[in-house]
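Each chain gets a letter, A, B and so on, in the order the sequences are listed, and its residues count up from 1. Quick caveat, the model's predicted, so the values are computed rather than measured.
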Amino acid sequence: MTTVVLDFETVSQCDLKAAGSWRYAQDPSTAVLCLCWTVDDAAAEHWLPGQPEPKWPLGATFVAHNANFEKAIWRHIMVPEYGWADIPNSKWHDTMAMCAMRTVPQSLDMAVKALDLPAEKDNTGSKLTIGLSKIDKKTGMMPDPAPVLPRVVEYCNDDVYAQRGLHNRLGWLPPGERDVWLLDQRINERGIRLDVPLVRAMQTIVEKAKTPLAHEFRQITGLNMTQIAKVGDWVKSRGVYLPDMQAETLANALGESPDRDPIDDLETEPEPMPDDVRRALLIRQQIGSAAIKKLDSAQACVMFDGRARGLQQYHGAGPGRWTGRILQPHNFPRNRLKEDDEAPAIEPLIHALMTEDPDYVEMVYGPAVAAVVSSLRHIIVAGSGRALVAGDFAGIEARLTLALAGEHSKTALMAAGADVYCDMAESIYKRPINKKNDPEERQIGKNSVLGLGFQMGARKFRLKYAKKHPLEFCEEVVRAYRQDWAPGVKDVWYALGNAAIKTVWDKSPHEAYGVAYALEDRWLTARLPSGRKLWYMDPQPTREAMPWDETDIRRAFTYKAVKNKQRVTVKAFGGLLTENVAQAMARDLLTEAMFKCEKENLPVVFTVHDEIVCEPFSGQADPLMLRDIMRDIPQWAKAIGVPVEAECWAGDRYRK
DNA sequence: CGGCAATGCGCC
DNA sequence: AAACGGCGCATTGCCG
């Protein structure tokens with residue numbers, strides 16, 4: 001098979017980072033500087049605008065790093081402006097997807113370095129090319145690319161060689177993942193319809209509501225609201241101690257926490273607070289949300305047809321989950337507005353926001369910016385003639401973990417629809433618990449079931465879920481989970497940990513709980529019950545002191561991963577490996593359901609880890625159909641006995 | 001001014 | 001007996 005490795009260089013006044021590849025390619029100011037490519041092992045060639053279309057080898061596969069970009073340029077510029085033939089998705093391959101799957105850094109430069117391939121990033125060429133998209137400050141005009149074009153081609157050639165080296169080193173996606181990637185491409189090209197007039201109205205409201213409050217904040221503190229550290233210092237200087245400026249901390253400090261029990265816990269009673277501090281914190285709480293920046297993101301990436309594309313990154317996270325980009329549908333704030341203890345009806349809320357009148361919004365829904373933040377999800381809508389149908393797997397990672405651990409009495413409870421959070425709470429409190437009379441106890445039970453499956457300890461549990469309880473209580477919660485409620489789970493941690501450690505130390509494969517660890521090339525792989533593999537790069541045998549006893553030194557291992565765009569060494573431990581497996585199995589259930597949705601006229605527009613959002617024709621918007629699809633699990637999942645439940649809904653706007 | 005690291009904050 | 005999560009983006013603050 002002939003392989004063409006290619007790379008475009010372009011100029012534009014559109015901000016690629018903010019807009020994403022698809023919107024960028026559609027921008028009228030975007031133009032191609034050059035296209036460079038190699039055919040198999042031959043030397044690089046290049047094409048410049050004005051030259052005839054190159055003769056592409058018949059049936060070639062086109063390989064690019066972040067093929068989304070090359071595809072977008074090809075479809076939005078080469079096809080309509082230069083009359084080139086389209087290349088279908090089935091003829092594209094993405095080295096970035098390959099890096100993602102193998103947990104190699106996704107940036108070309110870092111990937112090449114991590115794999116010790118012989119290529120250096122041409123920083124000068126990169127800067128020169130980027131500079132062609134920026135207004136020249138001396139002339140006030142866009143620079144003329146012509147004089148530097150040979151240098152740009154040289155830079156582009158280097159990138160093509162780097163990409164080819166990467167491709168030769170990593171090869172192709174395995175067949176199953178190839179299908180997932182092709183589905184990913186379809187979803188990213190389909191895009192998400194945004195309600196642009198609503199986005200504008202929200203921005204107007206935020207602007208109007210924010211200005212006087214931001215001014216008042218500055219009057220009181222002399223600071224900018226976003227200078228969190230300095231605001232913290234100021235608060236402290238006024239005699240109030242706050243560990244951070246997080247929404248929850250502020251709510252507690254301002255005495256708004258509904259579940260607080262002041263008699264029980266005098267220590268955390270909100271301190272009497274000077275009026276200016278109270279007012280400043282109230283303002284910060286009302287308008288300090290960073291999430292409203294999503295409105296700017298939405299404007300920047302939405303295309304001429306009202307849809308935003310390229311919002312999901314294939315295999316962005318180690319266990320295979322998608323990650324969000326640009327608008328990032330993965331972290332929309334949840335709706336915190338309450339009307340009679342329920343989320344308010346959506347359409348009246350949208351109507352109120354569309355008035356662009358913050359006073360009216362405030363009168364009906366409380367502080368206007370908070371109302372906007374709570375409504376952000378609703379900017380995602382169904383296209384015309386269509387509806388949204390969405391569903392999420394209920395507590396899927398906890399269910400998978402319990403099933404894997406053979407805790408069949410617990411999975412049977414779940415399958416029967418019992419309230420396992422109350423069941424867990426009964427193990428903790430050793431008395432009958434019900435949802436109505438013991439909401440706090442049930443919440444502790446819920447956090448335990450969802451949080452303690454991956455070796456979280458008492459300290460962390462307290463920090464995350466139970467700040468108001470003493471450490472001793474959290475120790476008892478952890479003990480109850482590990483000893484009484486689901487004792488099989490800790491066995492999974494130790495078994496997976498030991499199997500992986502033995503594999504790395506003895507360089508021979510070891511299996512536990514249906515997860516088969518082996519060494520392949522520079523990776524430790526974990527074959528899951530679904531047949532898919534997880535990849536851990538550059539595993540190193542180490543010896544580690546145990547956290548509970550520094551004289552207790554045991555075999556362990558580390559591997560390399562990317563965090564915050566940095567390559568870091570990660571210490572493996574059983575709980576982490578178990579979490580990876582649970583996340584990965586949940587992802588496999590998700591993709592399985594996504595394929596079925598596509599077949600059943602429920603085109604997928606995005607997913608959020610355990611949630612699928614589809615956009616069928618209005619007449620086919622049947623949440624029960626989606627529920628059936630999501631509950632229809634593959635054989636491997638049936639074999640471990642995981643009880644799967646999905647909560648589904650249909651509507652015109654995205655919600656939670 | 002741009003690049004980079006650290007931090008905060010939102011979700012699953 | 002027994003431990004650490006996974007992400008992306010915005011902002012700040014420091015550096016050259």
Under 3.5 Å, is there an N or O donor on one side and an acceptor on the other linking the side chain of A/Arg554 and the base of C/dA2?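 Check passes, donor-acceptor contact within cut-off.
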When the distance from [atom1] of [X] to [atom2] of [N] is rounded to whole Å, what number comes out?
X: A/Leu450; N: C/dG6; atom1: CG; atom2: P; value: 18 Å
X: A/Trp493; N: C/dC4; atom1: CH2; atom2: C1'; value: 12 Å
X: A/Glu544; N: C/dC4; atom1: CD; atom2: C1'; value: 12 Å

Measure the angle between the two terminal helix axes of the helix from B/dC1-C/dG16 to B/dC12-C/dG5, five base pairs each, and quote it to 10°.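 Result, rounded to 10 degrees: 10°.
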Determine, for nucleotides 4-12 of chain B in 5'-to-3' order, which nucleotides have protein heavy atoms under 4.0 Å from the base (write B), from only the sugar-phosphate (write S), or from neither (write -). -S-BSSBSB
Side chains of A/Lys294 and A/Asn331, donor plus acceptor under 3.5 Å: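 Per modelled atom types, A/Lys294 and A/Asn331 side chains form a pair under 3.5 Å.
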Contact class for [X] (heavy atom, under 4.0 Å): base, sugar-phosphate, or nothing?
X: A/Asp296; answer: nothing
X: A/Lys563; answer: sugar-phosphate
X: A/Gly324; answer: sugar-phosphate

Select from A/Gln313 and A/Ala572 the residue whose nearest nucleotide in DNA chain C is closer to the 5' end of that strand.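 Its nearest nucleotide lies further toward 5', so the answer is A/Ala572.
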So, do A/Tyr654 and A/Phe606 have ring centers that fall under 6.0 Å from each other?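 For A/Tyr654 and A/Phe606, the ring centres are under 6.0 Å apart.
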At under 4.0 Å, does any side-chain N or O of A/Lys460 touch on OP1 or OP2 of C/dG5?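 It does, given that an N or O in the side chain of A/Lys460 lies less than 4.0 Å from OP1 or OP2 of C/dG5.
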Tell me, which pairs form a salt bridge (Lys or Arg N to Asp or Glu O under 4.0 Å) where one or both residues lie in residues 572-582 of chain A, sequence neighbours left out?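 Pairs touching residues 572-582 of chain A that pass the test: none.
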